[in-house]
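Taking it in order: structure first as structure tokens, then the write-up.
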Protein chains: 2
Amino acid sequence: MVMSADTALGFRPLYLQVREEITRQLASGRWQPGTMLPSEQELARELGVSQGTVRKALDAMTAERILVRRQGRGTFVAEYEDSRILFQFFRFFPDEGERLFPVSKVLNLSSAMPNPREREALALAENATVWRLSRLRYHGPELMLREMLSLPTEVFPGLSEIGEIPNNVYRLYSQHWGVTVTRIAEKLKAVPADEADSAELNCSLGTPLLEVRRTAFDLNKRPVEYRESRCLTEAMHYASDLS
Amino acid sequence: MVMSADTALGFRPLYLQVREEITRQLASGRWQPGTMLPSEQELARELGVSQGTVRKALDAMTAERILVRRQGRGTFVAEYEDSRILFQFFRFFPDEGERLFPVSKVLNLSSAMPNPREREALALAENATVWRLSRLRYHGPELMLREMLSLPTEVFPGLSEIGEIPNNVYRLYSQHWGVTVTRIAEKLKAVPADEADSAELNCSLGTPLLEVRRTAFDLNKRPVEYRESRCLTEAMHYASDLS
DNA sequence: CAGTGGTCTAGACCACGTA
DNA sequence: ACGTGGTCTAGACCACTGT
């Protein structure tokens, strides 16, 4: 495959075209998470560009955390290890003490017609259905939050046949359906605990909770998960870094 | 100035040394916000490295939003225009409708001995004092939040003589004291409105508020501002993007 | 047109990890 | 010793901006 920078209409930098081509092959399953990509030299040969151009594309994908580069070893497809999830996709910290991976307890899994919020967040077609997974999450022994995940059944066929839903669902999405979550958008509000919150979180009615509405996107920028969490923040906080 | 990559002890990439040197000159006031840096070629000559190495340093500083590069024009020191503040440093959005720059109403400005939270966040010396600036902020006509800013008096001498504190304090810090805010860390919680909240925000006692504790850092990674905000989130939300 | 940053190339050498 | 990514250089050409 040979690429060119100056086409008749619309100039597109070569390294962006290379990045797209590699992303396409990634999305099509050529390389699984954890496996090594060909070396820069080899990719350059395959694509008919110089090594420097491949490097710029790989550097950009590394910055997006889609790839991981290790000097002396190679370039790898990023995996969803717990440590990465904790670092990249989970913003809750204990006010004091050590950070732990949030353990989950599944309450319910069912399929349903989407409500308007789900339909909008997941950009669903008219007759599409969703899985709804509700669970509680703990930081060590302490109950931290309750949440409901909404997933398009079309994207995750057979989800209800999975024996046990693990803590780390992004790894599950990747391993079972080849769905790679790359970006997450969250909207936060302070809300009073309603009756369901009060019952499940063991707090009194009206207790301030941090509500998080999350939408997760895959490699093709398609929304693949919508999630609403309600969190007790007496001993925990949500950390946000602007830079 | 000539730089070298391989010193006896401790290898440090040249472009990182270049970035540090440029940051140092920036912090020392060689170039003011809004002004143009010398061209890549000229910087390369000054520093005794190749243009490509200067470029890598400038690209890194552009990614950190310290510099702005404009093709065909030059490389400029980033300014604190309202649009940048709104985009980079302010995460509140109306649930519906257009986004506006939050107008501020100053309630009080005084100096005081720091409390433990201020002392810790600002890494203050034993006998250091702080300015305390409290204000309300509005989104259009709607009251949005109340907040208190804490600033080391040592870093901002003469603050109380400023005629009117503007909405955009980061531009003020830059213009009056040469303080460049580059990074912000925020911790969020849901808290019940106390009596002061209730009085100032016109809400009932116990209303859930989003509390934000912010620390802002300058070019030298020194904390220069600590801020506690309490926000009504009935018609607004805090947006967080993880990617 | 001249000057700037942006892209692309080719090649040399360094640091790191593995065998 | 070898192969990988990481750094650095030098130079060519392109795209954008202002004169």
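We name chains A, B, ... by the order of the sequence lines, and we start the count at 1 in each one.
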Against the six-membered ring of Tyr80(A), is Arg84(A) placed for a cation-pi contact (under 6.0 Å from the centre, within 45° of the normal)?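 Yes, Arg84(A) and Tyr80(A) form such a contact.
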Rounded to the nearest angstrom, tell me the gap between atom [atom1] in [X] and atom [atom2] in [N].
X: Lys56(A); N: dA10(C); atom1: NZ; atom2: P; answer: 16 Å
X: Phe76(B); N: dT17(D); atom1: CZ; atom2: P; answer: 11 Å
X: Leu16(B); N: dA15(C); atom1: CG; atom2: P; answer: 14 Å
X: Arg45(B); N: dG3(C); atom1: CZ; atom2: P; answer: 12 Å
X: Asp59(B); N: dC8(C); atom1: CG; atom2: P; answer: 14 Å

Does Thr53(B) have a side-chain nitrogen or oxygen under 4.0 Å from the phosphate oxygens OP1 or OP2 of dT7(D)?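 Checking dT7(D) against Thr53(B), no side-chain N or O comes under 4.0 Å of OP1 or OP2.
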Ignoring backbone atoms, establish whether Tyr15(A) has a side-chain N or O less than 4.0 Å from OP1 or OP2 of dC8(C).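 No, because none of the side-chain N or O atoms of Tyr15(A) sits under 4.0 Å from OP1 or OP2 of dC8(C).
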Between the protein and nucleotides 2-5 of chain D, which nitrogen or oxygen pairs are less than 3.5 angstrom apart?
{"from": "dG3(D)", "atom 1": "N2", "to": "Gly72(A)", "atom 2": "O", "distance (Å)": "2.7"}
{"from": "dT4(D)", "atom 1": "O2", "to": "Gly72(A)", "atom 2": "N", "distance (Å)": "3.1"}
{"from": "dG5(D)", "atom 1": "OP1", "to": "Thr75(A)", "atom 2": "OG1", "distance (Å)": "3.3"}
{"from": "dG5(D)", "atom 1": "OP2", "to": "Glu40(A)", "atom 2": "N", "distance (Å)": "3.2"}
{"from": "dG5(D)", "atom 1": "N2", "to": "Gln71(A)", "atom 2": "NE2", "distance (Å)": "2.9"}

Side chains of [X] and [Y]: do they bring a donor and an acceptor to under 3.5 Å?
X: Glu228(B); Y: Tyr226(B); value: yes
X: Glu147(A); Y: Ser229(A); value: yes
X: Ser104(A); Y: Tyr138(A); value: no
X: Glu21(B); Y: Gln17(B); value: no
X: Tyr170(B); Y: Thr180(B); value: no

